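Encoded as structure tokens, the structure appears first; notes follow it.
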Amino acid sequence: MPRPIDWHPLAASDPVPGDPDEVLTAAADYLEVAAAIESAAANLRAIADAAAMTSRAVDAFRDRARSVADDIERAHTRYEAVGQALQQYAARLGDAQDEADAALADARAAEARRTAALAAAGSAQAALDSARRAVERSEEDPEATADARRADADAVARASSRLGAARADADEADADLAAARRRLEGAEADRDAAAETAAAAVEDVRGSGDLEDGWWDDWGARAVAFVTDVAGTVAAVAGVAALLVGWVPVIGQALAAVLGTVALVAGLVNLVGNVVLAATGERSWAEAGLSALAVATFGVGRAVVAPARAARAAVPAAMRRGAGRIAATSV
């Protein structure tokens, strides 16, 4: 439902502006990133805990995967907390707007009653003035009868009663209008308190989970990108090698199976890393799509589309990081 445009007699413009739906959309974006980070960290740990094969290189790879999972999971706290804070603010903003709208309805009704009461008071005052003049004339007229004088006095009483009732109605309408203004002030105060609470919640998570503002930009993104790229290279090499040796009977087929497993595990790590980097604005979602293709083809797809990655690398890093920085540091 659209917000009222005319706020007379309470305000010149909307005193509680804002769009709770837009705030909820922003909250959903933050919570979606938080869920992606949580899923990525879980997948990295699952890969690190897999015991399909062992070697010094694979063990080191698993340790690095666990380390990266721990690092990116710290960002989960920030995104989830900001999303929840925005959700709560959206709800309270909506309540404040509903209260302001109700206050406006009360004020308009009170204003209408006040206008009618003032009009009635004016009419009653005119009738009273006329009745008093009639009384004065009858008192000066020696021929006026007692009945006529009583009738004039009754007219004065009736007009005076009407005037008193109209003034009482106007006073009551004024009180209702003042109450509507106080109700609006309360709605504004609730909105301001909600905004302060949301801002405080966001501020509280800036340093929570051992995650400072510069962590991701200083080294976190590079660490995730390094592991992601190494995993992508391993997946591509292992995938191509598996194809080359797969035609050799027995030994080649066994070796191809091992290389295929290596390609799959490395491809999954590459996919998870690119999803996290895309979610934080460091890389495009197209890159994550290429990683998914590589997983589907056991690394061969990565080797085929490597030139596309090289072309993407020519884009200035600042352009790719902008969106992620804004999302990570704004309310």
Side-chain angles (χ1 to χ4, degrees), residues 1-35 76-124 163-208 213 322-323 325-331:
M1 183 177 179
R3 305 284 297 136
I5 297 176
D6 180 12
W7 278 83
H8 176 80
L10 288 184
S13 59
D14 188 354
V16 189
D19 189 338
D21 290 338
E22 287 187 0
V23 179
L24 283 176
T25 298
D29 290 341
Y30 274 96
L31 293 175
E32 183 178 357
V33 172
H76 173 268
T77 299
R78 165 178 290 178
Y79 284 94
E80 184 176 55
V82 172
Q84 291 174 347
L86 289 176
Q87 279 186 331
Q88 294 170 2
Y89 174 64
R92 294 182 64 181
L93 174 61
D95 290 342
Q97 289 183 339
D98 291 342
E99 186 70 4
D101 293 349
L104 178 60
D106 290 347
R108 286 175 174 171
E111 180 76 1
R113 293 198 309 274
R114 181 178 183 274
T115 299
L118 291 177
S123 177
L163 179 59
R167 287 175 175 173
D169 289 343
D171 290 341
E172 183 179 353
D174 284 336
D176 290 345
L177 186 57
R181 291 194 175 99
R182 290 193 297 272
R183 188 174 186 181
L184 176 61
E185 290 172 358
E188 292 181 87
D190 289 344
R191 185 273 317 276
D192 292 343
E196 291 175 1
T197 300
V202 172
E203 188 64 28
D204 286 344
V205 301
R206 286 185 183 276
S208 66
D213 286 342
R325 286 178 176 171
I326 293 174
T329 59
S330 63
V331 179

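Computed from a prediction, not measured in an experiment: that's the story for all the values here.
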Measure the spacing between CG of Asp101 and CZ of Arg183 and express it to the nearest 0.5 Å.
10.0 Å
Validation: residues 107-114 side-chain donor-acceptor distances under 3.5 Å, sequence neighbours left out:
from   : atom 1 : to     : atom 2 : distance (Å)
Arg108 : NH2    : Asp6   : O      : 2.4
Arg113 : NH2    : Asp176 : OD2    : 2.2
Arg114 : NE     : Asp174 : OD1    : 2.5

Tell me, do Pro4 and Leu104 make a side-chain contact under 4.5 Å, heavy atoms counted?
yes
Pairwise distance CD(Glu32) to OG1(Thr25) - rounded to 0.5 angstrom:
11.5 Å
Table please: side-chain donor-acceptor pairs of residues 91-98 below 3.5 Å, with sequence neighbours left out.
from  : atom 1 : to    : atom 2 : distance (Å)
Gln97 : NE2    : Val16 : O      : 3.0
Gln97 : NE2    : Gly18 : O      : 2.8

At their closest point, which heavy atom of Ala121 faces which heavy atom of Leu163, and how far apart are they?
O-CD1, 3.3 Å
Answer yes or no: is there an ion pair linking Arg3 with Asp19, defined by an N-O contact shorter than 4.0 Å?
no
Looking at every non-hydrogen atom in both residues, tell me the closest pair between Pro9 and Leu177 and how far apart they are.
CG-CD1, 3.8 Å
Which atom of Trp7 lies closest to which atom of Ala100, heavy atoms considered
CZ3-O, 3.6 Å
Is any side-chain heavy atom of Tyr89 less than 4.5 Å from a side-chain heavy atom of Gln84?
no
Identify the two heavy atoms, one from Leu10 and one from Ala180, that lie closest to each other, and give their separation to 0.1 Å.
CD2-C, 4.2 Å
Check: Asp190 and Glu99 side chains under 4.5 Å, non-hydrogen atoms
no
